[in-house]
2 protein chains.
Amino acid sequence: MPPAAAEPLTPERILATTEEVLRRFGPTKATVVDVARALGVSHGSVYRHFPSKAALREAVTERWLTKSAVLLEEIASAPGGSAPSKLEAWLEALFEAKRHKAGDDPELFATYTVLLAENSGVVDEHLTELVAQLARIIAEGVAAGSLAAGDVPGAARAVFDATGRFHDPQYAADWLSPTIIPEFEAVTSLVIRGLRA
Amino acid sequence: MPPAAAEPLTPERILATTEEVLRRFGPTKATVVDVARALGVSHGSVYRHFPSKAALREAVTERWLTKSAVLLEEIASAPGGSAPSKLEAWLEALFEAKRHKAGDDPELFATYTVLLAENSGVVDEHLTELVAQLARIIAEGVAAGSLAAGDVPGAARAVFDATGRFHDPQYAADWLSPTIIPEFEAVTSLVIRGLRA
DNA sequence: CGAGTGACAGATATTGAAATCTGTCACTCG
DNA sequence: CGAGTGACAGATTTCAATATCTGTCACTCG
């Protein structure tokens, strides 16, 4: 981040710089003063755009989660393909995305894990959104006769819960295990089998 | 714990006192000196029986896990009953036991959660033992024709992983939610359905 | 002997004073 | 005006000194 630039100070620019500062200093060391310094403004200016440090960090978290949700939405709403195979693709995309984020840059992943933990409200909304995506896939399968579910939202939630080990960041350490992929496949196929008509 | 008694200083007595001290002071404050004081001996004596504080805490952890495993083993090896219903009973017993421990004495539960985290070796053995119990139930079902599984140990592991939300202490906070029981039932029935012949 | 002791060295944790950070606000200046 | 400032009070974090704990060992004493 170049020290300054006479560009207008927008929320967008502040968020991007906050991400950068979090990346460099980590979640415990990154301060509002650091963000302001990186932007070449006083920290008071940052408070013109965000009411608190917590709100700033929450906005960064939201941004990150939105990116993931959009990616998965594309799979969920893709035309064609059977519901079971779409379900499998969706679960695999979720797992692979997380696994790569955790594996490629563990420090950044740890940083975001801290932010997720302190913004459970934003995370809950994100999880609700993901379960809703799953529910749409399952509903499609029920309509097509390839899946069976009495309570579609309940089934979606159950699928999400049952695969928690492969998307909950608390298990990130396990994702490095060489047996994690067969384990993922075993759970996925068990769950899909349980949902088949 | 009465200050002293001229009883012989056995590993068993040290372990019981360590549990008591952990219960009262919590995992961060409980020291070997505290344990010795509660036993009315010098801390050097404790080191005659356990090579280190870590070993002492590990032994306490092992003791606790063994108790749980024995309880579940009774269900797994009970004669009679179909494999699917035994599987359900086993999963429910595991969940209820954990849920009650967490709900009835949250501080003690938190203490043990800390000990579990620092003794992953002991925990891994315990988990292997539990998965083996599941595998025995599933094998019984396959033999009786009520369940289907190509790879029985793999399926047991998958069942265990899929129900993680209902036994992994990291999720203990969720166990207080009023919706946790239907969620448990949804996952359990999905998994058992996936295993049915 | 051999279970138990207690003084000791090095490691770890606690504490309180100093430094830094968060959030506010009266002010500047284009 | 209204985006940006910087000095300030109170909260939080850091750091170094102090205290406590862990683990060892030469010793006691039944």
Side-chain angles (χ1 to χ4, degrees), chain A residues 1-61 107 110-111 114-115 117-119 122, chain B residues 1-61 107 110-111 114-115 117-119 122:
Chain A
M1 200 96 304
E7 296 166 48
L9 189 60
T10 60
E12 178 51 32
R13 226 157 69 79
I14 295 174
L15 283 182
T17 304
T18 304
E19 266 198 54
E20 171 68 15
V21 167
L22 280 166
R23 197 187 311 278
R24 290 178 48 186
F25 298 159
T28 59
K29 294 288 182 181
T31 73
V32 176
V33 171
D34 290 330
V35 173
R37 195 179 2 249
L39 284 162
V41 299
S42 76
H43 77 279
S45 302
V46 174
Y47 282 96
R48 289 259 168 233
H49 300 271
F50 291 91
S52 67
K53 182 190 188 182
L56 184 55
R57 289 164 74 112
E58 187 178 291
V60 169
T61 307
E107 283 193 33
T111 293
V114 170
L115 294 208
E118 73 190 33
N119 292 288
V122 172
Chain B
M1 199 99 303
E7 296 167 46
L9 187 60
T10 61
E12 179 51 32
R13 224 156 72 78
I14 295 174
L15 282 182
T17 303
T18 304
E19 266 198 54
E20 170 70 14
V21 168
L22 281 166
R23 197 187 311 277
R24 289 178 51 185
F25 298 158
T28 59
K29 294 287 181 183
T31 71
V32 177
V33 172
D34 291 329
V35 172
R37 196 180 1 252
L39 284 162
V41 300
S42 77
H43 78 278
S45 302
V46 173
Y47 281 95
R48 290 259 168 232
H49 299 271
F50 291 91
S52 67
K53 182 190 187 184
L56 183 55
R57 288 164 76 113
E58 187 178 290
V60 169
T61 306
E107 283 194 33
T111 294
V114 170
L115 294 210
E118 70 190 35
N119 292 287
V122 173

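In what follows, chains carry the letters A, B, and so on, assigned in the order in which the sequence lines appear, proteins first and then strands, with residues in each chain numbered from 1.
First and last contacting nucleotides of DNA chain D toward chain B (any atom under 4.0 angstrom from a heavy atom, 5' to 3' order): D/dC21 to D/dA26.
Counting heavy-atom neighbours within 6.0 Å of A/E118 CD, excluding the residue itself, gives a total above 12.
Where A/T28 and A/V46 each meet DNA chain D at their nearest nucleotide, the meeting point lying more 5' is that of A/V46.
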Q.
Run the side-chain contact (heavy atoms from CB on, under 4.5 Å) test on B/L115 and B/L22 for me, step by step, so that the C-alpha distance in whole Å, both residues' side-chain angles and the decisive distance to 0.1 Å come before the verdict.
A. CA-CA 10 Å; B/L115 294 210; B/L22 281 166; 3.7 Å; yes
Q) Could you go step by step and tell me if A/V33 and A/R37 meet the side-chain contact (heavy atoms from CB on, under 4.5 Å) rule? A) CA-CA 6 Å; A/V33 171; A/R37 195 179 2 249; 3.9 Å; yes
Q.
Please evaluate residues B/Y47 and B/V32 with respect to the criterion side-chain contact (heavy atoms from CB on, under 4.5 Å), reporting the C-alpha separation (whole Å), side-chain torsions for both, the decisive distance (0.1 Å), and the verdict.
A. CA-CA 9 Å; B/Y47 281 95; B/V32 177; 3.6 Å; yes
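Among the heavy atoms of the strands lying under 4.0 Å from B/V33 is at least one base atom, whether or not backbone atoms are also near. Here B/T31 lies in heavy-atom contact (under 4.0 Å) with sugar-phosphate atoms only.
Contact record, A/T18 with A/V60: CG2-CG2, 3.8 Å, taken as the closest heavy-atom pair.
Side chain of A/H49 to backbone of A/L9: a donor-acceptor contact under 3.5 angstrom is found. Judged by distance alone, with hydrogens and angles left aside, the side-chain atoms of A/R57 form a donor-acceptor pair with the main-chain N or O of A/P27 at under 3.5 Å.
Between B/F50 and B/L15 the shortest side-chain heavy-atom distance falls below 4.5 Å.
Rounded to the nearest 0.5 angstrom, A/D34 CG and A/E20 CD are separated by 11.5 Å. The line from CD of A/E19 to OG1 of A/T61 is 9.5 Å long, rounded to the nearest 0.5 Å.
Between the OH atom of A/Y47 and the P atom of C/dC21 there is a distance of 11 Å, given to the nearest Å.
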Q) If you write DNA chain C from 5' to 3' in dot-bracket form, with Watson-Crick or G-U pairs under 3.5 Å, [ ] for crossing pairs and | for pairs with another strand, what do you get? A) ||||||||||||||||||||||||||||||
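Taken residue by residue, residues 48-58 of chain A places heavy atoms nearer than 4.0 Å to DNA chain D at A/R48, A/H49.
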